[in-house]
Visitor: 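Have a look at this one.
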Amino acid sequence: MIQRWYLKAVQHFLPSPMSIALLLLIVALLLASLFGDFNGAAGGRKFEVLLGYFEDGFWDLLEFSMQMVLILLLGHVLALSAPVTKLIYSLSRMAESTGSAVVLVSISTMAMGLLNWGLGLIFGALLARNIASNASTLSGKRLNYPLIAAAGYLGMMVWHGGLSASAPLKAAEANHFLVAQIGVIPIEETLGSSLNIAVIIALFIIIPLGMWMLSRQFASENITIDEAFIWRNDAERLNIIPNTFAEKVDHTHWIARIIGGLIVVTAMFTIFQQQENQMSLAFISLNFVNFLLFGLALLLHGSIHNFMQAVDKAVQGTAGIIIQFPIYAGIMGIMSYSGLAERMSLFFVEIATTNTLPAYTFFSAALVNFFIPSGGGQWAIQGPVICEAAASLQVPIPKIIMAMAYGDQISNMIQPFWALPLLGITGLSAGQILRYSALIMLLGAAIFILCLYLF
């Protein structure tokens, strides 16, 4: 009875991701009007200043937005390549029940999320849909499809401790904006720290177990998939035989594989050169990841035609990010230029001690993530505040960076912005996914807080 009431309540009250973005904009405007800095403006001028903050912020993150779109797009394109598709299909045949499905999807998605958040998100969505498709079309079984899809979203709860982590990668850059304050923080001290390794191990053990327990508590939902979601490029599906010179160029394999191979080789040279100078992972930037994903996608798809067919399919998943990211950038402008985000961080910092600062940083980052669902954006705003507090309270800077990273990723479980591509692939609504991910968020938060206190 409680489970049924909970599911209906979330489904009834949780609006669409676009509505949530606009509601958060209204909340940000209200909070900033009460607690923000208006540079001496008074009366009706305050609202004009706030709208100016929103407009300025709206265009602030175009470069970063494009990086995010490419990570998602190229991760999706790579996931649609034949080798990765075969892997997904083979894995999907291993799930015989909701319990085994959520464990399989959880572990697979989190593993991919550690490599790249975009790849993990798309891989999890495709795997979840394949499992549900096989169950309904091949065996006639009824599985809890929304719960399995929620497991496919769990990569967003681990990504900021993996190889595409924004804050640790930015702090490892030679000329990052806080270099004068904290210096260069090597990846080994953040992503490779004993704290992060312990967190990852705990997540990979406890979270799948928690998902399995949810599968025992919540009954199957009667949601059917009409056909197996197995990617086929048009040439393979329609048995197209290229006749003209133009068609032969588009379908030949040697062009895409040569260019893709050259890109991958270039990326490998970057890695080897870095290791010759210093054993470090600092070269793993957003641009490096996108470059490598582009090369791998060309190489694995094998032809320009197949690659572009996958791009056409994958670009649909970026629509929500393209239209919503400027809104969140505008919200970030309000939060940043009015000083509201800094005040939120300062509130937690001012009541913190040496022992509690990492936990308070975690909670403040989780809160700010609702308004600024970007790890890099959060680091730009919160970084100066939390690093200054860490220095004054003698808390290690790498630890405080990871505390912010963990807080940023945990509230993704109830912030639907990054779930947009998954919702498009699975055909489910935000409410159907988040009502389960919200529960697993509580378990994840306990793991993060415990590890922050122990290490």
Side-chain angles (χ1 to χ4, degrees), residues 110 113-114 117 154-162 165-171 178 182 185 189-204 206-207 210 335 340-415 417-418 437-455:
M110 289 193 295
L114 286 177
W117 68 264
L154 293 179
M156 295 307 297
M157 195 170 73
V158 303
W159 77 276
H160 219 149
S166 296
L169 292 181
K170 288 292 183 183
L178 287 179
I182 64 174
I185 307 298
E189 296 182 16
T190 51
L191 301 181
S193 65
S194 57
L195 164 64
N196 195 48
I197 292 172
V199 164
I200 290 173
I201 293 174
L203 289 172
F204 270 79
I206 299 174
I207 296 302
M335 301 285 289
L340 187 57
E342 184 177 353
R343 291 192 178 210
M344 285 184 177
S345 300
L346 282 172
F347 170 78
F348 288 96
V349 166
E350 288 172 353
I351 62 175
T353 64
T354 300
N355 291 329
T356 61
L357 181 63
Y360 284 149
T361 299
F362 171 84
F363 287 119
S364 67
L367 177 61
V368 172
N369 184 52
F370 286 107
F371 299 94
I372 308 173
S374 159
Q378 277 193 250
W379 171 243
I381 291 175
Q382 289 191 272
V385 177
I386 61 175
C387 288
E388 182 179 351
S392 63
L393 293 175
Q394 297 184 334
V395 176
I397 297 296
K399 183 174 183 177
I400 215 65
I401 292 174
M402 295 313 300
M404 194 220 78
Y406 298 149
D408 163 66
Q409 64 188 12
I410 192 64
S411 54
N412 284 334
M413 296 298 99
I414 51 176
Q415 159 58 280
F417 178 67
W418 295 114
S437 61
L439 295 175
I440 214 67
M441 178 191 73
L442 301 176
L443 184 58
I447 295 172
F448 290 126
I449 292 297
L450 181 61
C451 288
L452 285 172
Y453 273 109
L454 292 178
F455 288 88

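Every value quoted in this text rests on a predicted model; they were computed, and no experiment measured them.
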Visitor: Determine, step by step, whether F455 and V199 satisfy the side chain to side chain contact (heavy atoms under 4.5 Å, CB included) criterion, reporting the C-alpha distance in whole Å, the side-chain angles of both residues, the deciding distance to 0.1 Å, and the verdict.
Guide: CA-CA 10 Å; F455 288 88; V199 164; over 6 Å; no
Visitor: How far does CG of L439 sit from CD1 of I414, to the nearest 0.5 angstrom?
Guide: 10.5 Å
Visitor: Once you round to the nearest 0.5 Å, how far does CE of M404 lie from CD of Q409?
Guide: 9.5 Å
Visitor: Output yes when a side-chain donor or acceptor of N412 lies under 3.5 Å from a complementary backbone atom of M156, and no otherwise.
Guide: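 Such a contact is found between N412 side chain and M156 backbone.
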Visitor: Looking only at side chains, do T356 and T353 share a donor and an acceptor under 3.5 Å apart?
Guide: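 Checked: T356/T353 side chains pair up, N/O donor to acceptor below 3.5 Å.
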Visitor: Find the distance between CD1 (I207) and CG (L443) and round it off to the nearest 0.5 Å.
Guide: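 The CD1 atom of I207 sits 4.0 Å away from the CG atom of L443.
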Visitor: If you round to the nearest 0.5 Å, how far is CG of L393 from OG1 of T354?
Guide: 4.5 Å
Visitor: Evaluate I440 against L154 for side chain to side chain contact (heavy atoms under 4.5 Å, CB included), listing each step before the verdict.
Guide: CA-CA 9 Å; I440 214 67; L154 293 179; 3.6 Å; yes
Visitor: Below 4.5 Å, heavy atoms only, C-beta onward: do W159 and D408 meet side chain to side chain?
Guide: yes
Visitor: Could you please spell out the steps behind the side chain to side chain contact (heavy atoms under 4.5 Å, CB included) verdict for V368 and I381?
Guide: CA-CA 10 Å; V368 172; I381 291 175; 5.7 Å; no
Visitor: Determine yes or no for a side-chain-to-main-chain donor-acceptor pair under 3.5 angstrom, with E189 supplying the side chain and P398 the backbone.
Guide: no
Visitor: Quick one: sort the F448 and Y406 rings into parallel, tilted or perpendicular, breaks at 30° and 60°.
Guide: parallel
Visitor: Measure the spacing between CH2 of W379 and NZ of K170 and express it to the nearest 0.5 Å.
Guide: 11.5 Å
Visitor: Just by distance, do the side chain of S166 and the backbone of G375 share a donor-acceptor pair under 3.5 Å?
Guide: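 No, because the side chain of S166 does not come within donor-acceptor range (under 3.5 Å) of the backbone of G375.
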Visitor: Carefully, step by step, assess L191 and I197 under the rule side chain to side chain contact (heavy atoms under 4.5 Å, CB included).
Guide: CA-CA 8 Å; L191 301 181; I197 292 172; over 6 Å; no
Visitor: Output yes when a side-chain donor or acceptor of N196 lies under 3.5 Å from a complementary backbone atom of G161, and no otherwise.
Guide: yes
Visitor: For a 4.5 angstrom cut-off between non-hydrogen side-chain atoms, does I206 reach I447?
Guide: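 Yes, their side chains come closer than 4.5 Å.
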Visitor: What residues form a side-chain hydrogen bond (donor to acceptor under 3.5 Å, both in side chains) with S364, not counting sequence neighbours?
Guide: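 With neighbours one apart ignored, the set is Q382.
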Visitor: Are the side chain of K399 and the backbone of P358 linked by a donor-acceptor contact shorter than 3.5 Å?
Guide: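 Judged by distance alone, no pair lies under 3.5 Å.
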Visitor: With a 3.5 Å distance limit and no angle check, can you tell me whether H160 reaches the backbone of A167 through a side-chain donor-acceptor pair?
Guide: yes
Visitor: Answer whether the closest heavy-atom distance between the side chains of F348 and I386 falls below 4.5 Å.
Guide: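 No, every pair of side-chain atoms sits at 4.5 Å or beyond.
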